[in-house]
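Chain identifiers are assigned alphabetically (A, B, ...) following the order of the sequence lines, protein sequences preceding nucleic acid strands; residue numbering begins at 1 within each chain. Please read all numbers here as calculations on a predicted model, not as lab measurements.
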Protein chains: 2
Amino acid sequence: MAVTIYDVAREANVSMATVSRVVNGNQNVKPATRKKVLECIERLGYRPNAVARGLASKKTTTVGVIVPDISKSYYAELSRGIADIATMYEYNIILSNSDKRATREVELLEDHLGKQVDGLIFMSDSLSDEIRAEMATANVPIVLAGTLGDNTDLPTVNIDHEEAAYEAVKKLIDNGHERIVHVSGPMSRDINRLCKKVGYERALKEAGLPIIDEFFIETDNTYDDAYEKWAVIRELEEKPTAIFAGNDEIAVGVLNGIRDEGFSVPEDYEVICFQHTLLSRAVRPQLTAIIVPLYDLGAVSMRLLTKLMNGEEVEDVNVILPYHKEVRQSTK
Amino acid sequence: MAVTIYDVAREANVSMATVSRVVNGNQNVKPATRKKVLECIERLGYRPNAVARGLASKKTTTVGVIVPDISKSYYAELSRGIADIATMYEYNIILSNSDKRATREVELLEDHLGKQVDGLIFMSDSLSDEIRAEMATANVPIVLAGTLGDNTDLPTVNIDHEEAAYEAVKKLIDNGHERIVHVSGPMSRDINRLCKKVGYERALKEAGLPIIDEFFIETDNTYDDAYEKWAVIRELEEKPTAIFAGNDEIAVGVLNGIRDEGFSVPEDYEVICFQHTLLSRAVRPQLTAIIVPLYDLGAVSMRLLTKLMNGEEVEDVNVILPYHKEVRQSTK
DNA sequence: CTGAAAGCGCTAACAC
DNA sequence: GTGTTAGCGCTTTCAG
């Protein structure tokens with residue numbers, strides 16, 4: 001049996017209330033008493049039981065994080081931002097992978113809530129009706145990180161993907177391109193369907209360029225799929241001269257497709273993408289990209305959550321973070 | 001106030017013990033009663049409080065995971081393996097980043113233990129005396145994943161990095177190389193110092209080749225540092241003809257250094273490395289590599305932990321997983 | 001500044 | 001099959 005607050009109290013000849021006070025840094029303890037208690041704690045090797053504390057105080061100092069897949073560097077980086085701020089505010093994190101499956105997401109949310117997390121950060125492709133309903137029953141704050149909260153009043157932290165996509169495509173257009181392919185991630189993902197694609201089309205329209213259906217290539221967001229999609233691009237009736245990729249992994253897939261067949265970038269094709277990983281800089285030519293502040297997305301989400309958990313009034317619960325564009329060798 | 005087991009009991013006209021039984025799937029409940037209780041649970045939206053349960057049962061069904069840095073794909077991949085098996089056995093995961101700082105590691109361990117985790121998976125570069133001492137006080141099983149447990153009797157799951165390194169270097173030697181540089185991660189990391197470097201030297205010795213101090217290049221394990229280290233390699237008195245890199249990120253750094261100066265791989269230099277990420281396949285030329293089964297390392301660690309938590313007798317608590325070599329374009 | 005006492009919501013004997 | 005009754009280890013009034 002582990003040593004409890006009661007053991008310490010007996011050893012120190014005080015009540016457990018006093019021990020509790022010193023453990024919790026309550027100032028209403030005579031220094032001498034505090035010292036005595038601290039010694040006993042040390043001597044007995046007392047370790048406060050956070051579960052008991054959680055039950056009594058109704059606060060667990062842990063927050064839930066539901067993420068599609070932690071092995072994807074996009075989410076890993078974001079999670080690190082969350083974790084660092086969590087640490088700063090002395091929260092632990094319960095981390096679960098949903099694989100974006102709606103039923104799994106609901107299970108996990110239910111599960112985390114049962115574990116009495118003080119708050120929750122949720123990431124996904126889109127919000128199913130079930131998850132919205134489940135979230136509505138939650139009695140703790142929930143923040144959506146890098147996830148569109150459309151039609152909900154949930155707090156969110158994002159970048160303006162549409163504007164970023166617009167800017168990326170605009171860059172290509174300014175470089176003289178008229179036939180630009182958009183190699184996208186899955187349309188099931190709100191950010192792809194509602195933001196990146198829309199920004200792409202807006203840039204085209206604004207420049208008076210036609211939106212060609214065949215120029216929209218959907219991938220499953222993997223390198224390998226993108227690599228294979230090059231064959232599709234190559235066979236296009238109308239020959240494109242530039243590529244706007246949804247992220248760098250996709251971009252590198254296409255890039256390698258292009259180069260493995262003897263074409264070159266940026267001479268034959270210019271390429272621009274969203275940067276999520278080191279890949280953008282590690283390939284040759286290095287990719288011109290929209291830099292997504294993943295770490296910050298996580299950090300700001302967690303910071304927002306701490307405010308919410310703390311009952312602070314937050315002026316705007318829909319935060320938009322800045323991004324920037326870095327021009328490298330894949331564009332002229 | 002959330003609805004409790006007591007509310008359900010009252011509503012269903014049974015005792016809280018009965019409600020507890022149906023919630024926990026205990027068979028000793030008449031089907032009719034079960035049905036009635038289930039309905040009330042549904043109607044009231046009852047969600048069992050895992051904290052109270054944890055306090056009463058002394059089991060939290062959560063395990064701690066202490067990882068150097070989840071944003072590194074090495075650990076992210078490994079953690080996914082852990083998480084999947086954890087899910088399978090209905091455990092949650094508390095995930096914390098240590099940044100490999102010994103004091104932080106001790107704090108975290110203490111913290112997780114305080115949260116009453118049922119078990120713990122630990123990853124680090126090496127085990128400090130403090131962490132060993134702290135681990136000794138733990139009353140729950142701890143598994144080291146991808147971390148050398150040298151001189152401890154802690155359960156571990158690893159691959160044979162020394163043998164793998166030996167094999168990689170042997171491949172280079174077999175290809176006719178006599179001057180092979182080892183671009184390593186930090187020596188502070190046991191796996192680098194005690195395994196990869198040793199395997200490298202063993203292969204050299206066995207082939208009657210000299211071990212040249214200057215041919216050992218230490219990096220901080222980042223792409224950028226490795227990229228810069230190329231300048232060092234280039235200026236070497238004795239000119240090497242092959243590179244053995246500690247991982248693919250390093251390898252790509254060196255590779256880009258080589259290629260950005262107009263040399264080529266594998267013609268001028270052959271390169272081999274340990275593969276941790278997609279990078280190995282995404283660069284050109286693709287890298288010949290030792291494939292490290294990161295996901296499995298995590299999965300097997302967690303599986304082992306479940307056995308330990310379950311009090312099962314485990315024949316061998318030091319598991320060595322197989323790896324394999326994949327020959328690609330960076331070697332001839 | 002310190003102590004006593006009442007829970008927090010649930011599990012786990014132990015009765016019936 | 002079902003109910004009763006102790007706790008689990010701590011926080012938190014409320015007294016003093």
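Salt-bridge check for Asp99(B) with Arg80(A): passed, with a basic side-chain N closer than 4.0 Å to an acidic carboxylate O. Salt bridge Glu42(B)/Lys36(B): absent, no basic N to carboxylate O contact under 4.0 Å.
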Test log, rule side-chain hydrogen bond (donor to acceptor under 3.5 Å, both in side chains), inputs Asn24(A) and Arg53(A): CA-CA 11 Å; Asn24(A) 293 298; Arg53(A) 188 192 304 228; 2.9 Å; yes
Test side chain to side chain contact (heavy atoms under 4.5 Å, CB included) on Leu113(A) and Val140(A); report intermediate values, then the result. CA-CA 8 Å; Leu113(A) 259 17; Val140(A) 296; 3.9 Å; yes
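Taking every side-chain heavy atom of Thr33(B) into account, dG1(D) is the closest of dC10(D), dG1(D), dT2(C). Distances were taken from every side-chain heavy atom of Leu55(A) (C-beta onward) to each of dC1(C), dC10(C), dC8(C); the shortest belongs to dC8(C). Relative to the side chain of Lys58(B), the nucleotides dG1(D), dC8(C), dC8(D) differ in distance, and dC8(D) lies closest. Comparing dT12(D), dT2(C), dT11(D) by their nearest atom to the side chain of Thr18(A) picks out dT2(C).
Both the sub-6.0 Å distance and the 45° axial angle are not jointly satisfied by Arg303(A) relative to the ring of Tyr91(A).
For the pair Ser301(B) (side chain) and Leu297(B) (backbone), a donor-acceptor distance under 3.5 Å is present. Side-chain N or O atoms of Asp111(B) include none that pairs as donor or acceptor with a backbone N or O of Glu107(B) at under 3.5 Å. For the pair Thr87(A) (side chain) and Ala83(A) (backbone), a donor-acceptor distance under 3.5 Å is present. Asn26(B) contributes no side-chain N or O that, together with a main-chain N or O of Val22(B), makes up a donor-acceptor pair within less than 3.5 Å.
Regarding contacts with the backbone of dC8(D), every side-chain N or O of Ser57(B) stays at 4.0 angstrom or more from both OP1 and OP2. Contact check, Ser20(A) against dC10(D): no side-chain N or O comes under 4.0 Å of OP1 or OP2.
Note on Val14(B): only backbone sugar-phosphate atoms sit closer than 4.0 angstrom, heavy atoms only; bases stay farther off. No engagement by Val23(A) is indicated, since no non-hydrogen atom pair under 4.0 Å with the nucleic acid exists.
Across residues 36-43 of chain A, not one residue has a non-hydrogen atom less than 4.0 Å from an atom of DNA chain D.
Rounded to 10°, the angle separating the first-five-pair axis and the last-five-pair axis of the helix from dC1(C)-dG16(D) to dC16(C)-dG1(D) equals 30°.
Each of Asn49(A) and Arg21(A) has a nearest nucleotide on DNA chain D; the 5'-most of these lies closest to Asn49(A).
Atom CZ in Arg10(B) sits about 20 Å away from atom P in dT2(D), given to the nearest Å.
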